[in-house]
Amino acid sequence: GRRRIDGRRDHCFEAPFAMRFSSDRSSPSPVSAPDDDAPARHGDVETLRRLTREAFGEITAIRDRVRSVERSLATERASRASERVRVDTRAGRCWGVGHAGAAAATRPGLDCATTVEAPFPGGDSMTARFSTTTTAAVDDSPYERVAEVSGPALALALQPQLLAPTVTLEKLMYRKRVGRDGWIRLAPVGGEGQDAAATLNPFSPGRGVALTKLAAVGSPTLAECRGTALCASYDFADALLGVSGGIFSGEEPFEDGGYEPRRLAQVTARPGTRAAMSLAVAEGPRRGARGVSTGAAGLFAVGERTLLSAWASTAKLFGPYADPSGDKDAGGWGLAATAPPKDASRSSAGTARDAVRGWGWGVVVGKEPGELAPTQFEAFARIGDERGSGINERTLCPGIVLTRDADDGRWDVAAACRVEIKFS
């Protein structure tokens with residue numbers, strides 16, 4: 001008989017016996033028996049498919065809305081990131097050992113500049129630059145100011161004066177976008193020629209590293225434009241042709257008490273993405289006299305990394321304080337070639353030989369304005385980082401500087417090394 005517990009069958013004991021009994025008679029087991037619920041499940045699947053087809057339009061619309069929200073959120077995050085205040089700091093120092101004439105051409109002492117740029121909606125921005133230096137700032141070529149000095153006295157006069165570090169507001173500028181390709185810049189403090197026109201100089205401060213002031217300054221026509229400034233520029237035909245200009249407060253007052261602004265105009269052509277050329281004309285006070293300066297510059301890309309740059313300028317002085325015999329010495333010129341460091345870690349082997357191949361280099365030859373300005377030549381290696389994409393960089397530039405004296409043609413040689421760190 002079957003065991004009962006509280007009047008119910010004990011299925012715990014009944015099931016094993018039933019399964020064994022079925023197995024003994026070779027009858028179908030419960031596992032292999034037909035599923036009585038299969039039609040119900042099939043009906044549920046058909047119902048789910050029908051509901052999916054009916055709701056396909058709504059599901060697609062919701063999916064598109066979610067993607068649109070995600071894109072809008074990503075755009076909003078990117079715009080907020082681009083509207084943050086950017087702070088760039090550049091610190092560098094150069095050491096020169098050798099003949100006094102060549103060592104004086106380097107930029108000894110510590111110089112540090114911090115640039116703060118605050119963007120505004122629409123592409124506008126406010127820029128402030130603070131600088132610290134232990135070397136007396138020289139905006140003009142010193143060779144025109146000591147023309148009456150020669151020999152050892154000239155070398156002594158050209159030696160930079162080391163000063164105690166001071167922090168000054170070097171630049172304050174507001175930039176306003178006009179249309180798609182136009183800009184207006186107002187600089188109450190520290191306006192520069194590069195605010196009005198492209199310098200086409202790969203060694204400009206913040207863009208490249210060089211040993212001497214010759215390479216860092218570039219074309220004198222633009223470098224002599226400074227002070228309180230109002231500048232404007234506009235590009236045509238997708239930047240194929242650009243026009244720019246500016247009005248600057250000029251230099252120190254004339255001896256008669258007059259004070260005239262300096263005016264600059266430049267036309268820049270960019271035939272393609274690997275070449276650019278410019279022609280600039282500046283008129284106004286220069287070295288305490290009135291004058292007109294004309295300058296031409298070009299920048300060309302060669303190969304994967306190499307940049308070639310050239311500039312030349314001339315000036316015509318006039319007025320009661322002008323020296324007619326100094327016109328031929330009022331201009332300057334320069335030729336430069338450079339290649340930035342290449343990340344050696346991208347090579348397959350990563351050996352010391354690959355690291356040396358990853359070094360950059362630079363060569364500069366030219367002459368600053370001035371009757372007694374020597375012809376200069378410098379060559380250096382650029383050892384540093386490329387992987388920072390211009391955000392955080394460390395650069396070491398060991399090299400040599402040669403100067404040819406304008407009086408006796410003597411060549412002076414100095415070994416120099418510049419260390420520069422830039423971080424954001």
Side-chain angles (χ1 to χ4, degrees), residues 105-107 140-141 143-144 192-225 233 235 239-245 264-282 286 292-316 327-340 360-371 373-382 397 399-404 406 418:
T106 62
R107 295 177 290 165
D140 301 320
S141 171
Y143 301 100
E144 291 184 301
E192 304 168 279
Q194 65 180 5
D195 298 332
T199 61
L200 304 184
N201 180 14
F203 294 108
S204 296
R207 300 178 184 175
V209 182
L211 299 178
T212 67
K213 179 173 173 282
L214 169 69
V217 171
S219 174
T221 302
L222 299 182
E224 292 169 355
C225 296
S233 62
D235 293 333
L240 177 63
L241 181 69
V243 294
S244 55
L264 172 68
Q266 177 171 300
V267 177
T268 304
R270 302 178 182 88
T273 59
R274 300 178 63 85
M277 294 157 285
S278 66
L279 179 63
V281 178
R286 185 181 187 278
V292 176
S293 177
T294 304
L299 180 64
F300 309 92
V302 179
E304 181 183 356
R305 297 186 298 151
T306 305
L307 292 177
L308 301 180
S309 178
W311 64 89
S313 67
T314 183
K316 176 66 177 179
D327 288 351
K328 64 180 182 298
D329 301 309
W333 60 273
L335 298 172
T338 183
W361 54 271
V363 177
V364 183
V365 60
K367 182 178 181 297
E368 293 185 38
E371 180 182 359
T375 301
Q376 298 180 197
F377 172 83
E378 62 180 286
F380 52 88
R382 296 177 60 179
C397 292
I400 60 172
V401 177
L402 291 82
T403 59
R404 185 178 184 273
R418 180 172 180 82

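Scope of the values below: all heavy atoms of this structure, side chains included, with no hydrogens, waters or symmetry mates. Treat the numbers as computed from the prediction; the structure is a model and nothing was measured.
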Enquirer: Between atom OG of Ser278 and atom CG of Leu299, what is the distance when rounded to the nearest 0.5 Å?
Expert: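 Output value for this atom pair is 9.5 Å.
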Enquirer: Which heavy-atom pair separates Trp361 from Ala337 by the least distance, and what is that distance?
Expert: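 Residues Trp361 and Ala337, closest heavy atoms: CZ3-O, 3.6 Å.
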Enquirer: Measure across Val217 and Ala223 and return the closest heavy-atom pair with its distance rounded to 0.1 Å.
Expert: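 Minimum heavy-atom contact is CG1-CB, 3.3 Å.
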Enquirer: Any side-chain to backbone donor/acceptor pair from Arg274 onto Gly303? Under 3.5 Å, distance only.
Expert: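 At least one qualifying donor-acceptor pair exists.
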Enquirer: Ignoring hydrogens and angles, tell me if any N or O in the side chain of Thr375 forms a donor-acceptor pair with the backbone of Lys367 under 3.5 Å.
Expert: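 Flag not set: sc Thr375 to bb Lys367 has no pair under 3.5 Å.
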Enquirer: With sequence neighbours excluded, tell me which residues meet salt bridge (Lys or Arg N to Asp or Glu O under 4.0 Å) with Glu378.
Expert: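 For Glu378 there are no salt bridge (Lys or Arg N to Asp or Glu O under 4.0 Å) partners, ignoring immediate neighbours.
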Enquirer: With heavy-atom distances below 4.5 Å as the criterion, would you say the side chains of Thr221 and Gln266 are in contact?
Expert: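 They are not in side-chain contact.
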Enquirer: Counting only N and O atoms by type, is there a donor-acceptor contact under 3.5 Å from the side chain of Ser293 to the main-chain atoms of Lys316?
Expert: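 No, Ser293 side chain to Lys316 backbone: no donor-acceptor pair under 3.5 Å.
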Enquirer: Do Leu307 and Phe203 make a side-chain contact, defined as non-hydrogen atoms from C-beta onward lying under 4.5 Å apart?
Expert: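 Contact flag for Leu307/Phe203 side chains = no.
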Enquirer: Return the set of residues passing side chain to side chain contact (heavy atoms under 4.5 Å, CB included) with Thr294 (not counting sequence neighbours), or none when no residue passes.
Expert: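 With sequence neighbours excluded, Thr294 shows a side chain to side chain contact (heavy atoms under 4.5 Å, CB included) to Leu279, Val281, Thr314, given in chain and number order.
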Enquirer: Under a 4.5 Å cut-off applied to non-hydrogen side-chain atoms, are Glu368 and Pro220 in contact?
Expert: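 Side-chain contact under 4.5 Å: no.
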Enquirer: Taking all heavy atoms of Ala275 and all of Pro271, pick out the closest pair and write down the distance.
Expert: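 Ala275 and Pro271 have their closest heavy atoms at O-CD, 3.7 Å.
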Enquirer: When you compare the side chain of Phe377 with that of Leu335, does any pair of heavy atoms fall below 4.5 Å?
Expert: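 No, every pair of side-chain atoms sits at 4.5 Å or beyond.
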Enquirer: Measure across Ala196 and Ser233 and return the closest heavy-atom pair with its distance rounded to 0.1 Å.
Expert: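 Of all heavy-atom pairs spanning Ala196 and Ser233, the closest is O-CB, 4.2 Å.
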Enquirer: Going by heavy atoms in the side chains, are Asp235 and Arg270 under 4.5 Å from each other?
Expert: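 The answer is yes, as the side chains (C-beta and beyond) meet within the 4.5 Å cut-off.
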Enquirer: I need the Glu224 CD to Ser313 OG distance, nearest 0.5 Å.
Expert: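 Result: 7.0 Å between the selected atoms.
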Enquirer: Shortest non-hydrogen contact from Val365 to Leu214?
Expert: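 Scanning both residues, the minimum pair turns out to be C-CD2, 4.3 Å.
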Enquirer: Please examine the side chains of Asn201 and Ser219, heavy atoms only from C-beta on, and report whether any two atoms are closer than 4.5 Å.
Expert: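 SC-SC contact between Ser219 and Asn201 ruled out.
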Enquirer: Using every non-hydrogen atom in the two residues, find where Cys397 and Val209 come nearest and quote the distance to one decimal.
Expert: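 So the two residues come closest at SG-CG1, 3.6 Å.
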Enquirer: When rounded to the nearest 0.5 angstrom, what distance separates CZ in Arg382 from OG1 in Thr338?
Expert: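 Between atom CZ of Arg382 and atom OG1 of Thr338 there are 4.0 Å.
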Enquirer: Please confirm whether the backbone N or O of Pro340 pairs with a side-chain atom of Arg305, one donor and one acceptor, at under 3.5 Å?
Expert: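 Yes, Arg305 side chain to Pro340 backbone: donor-acceptor pair under 3.5 Å.
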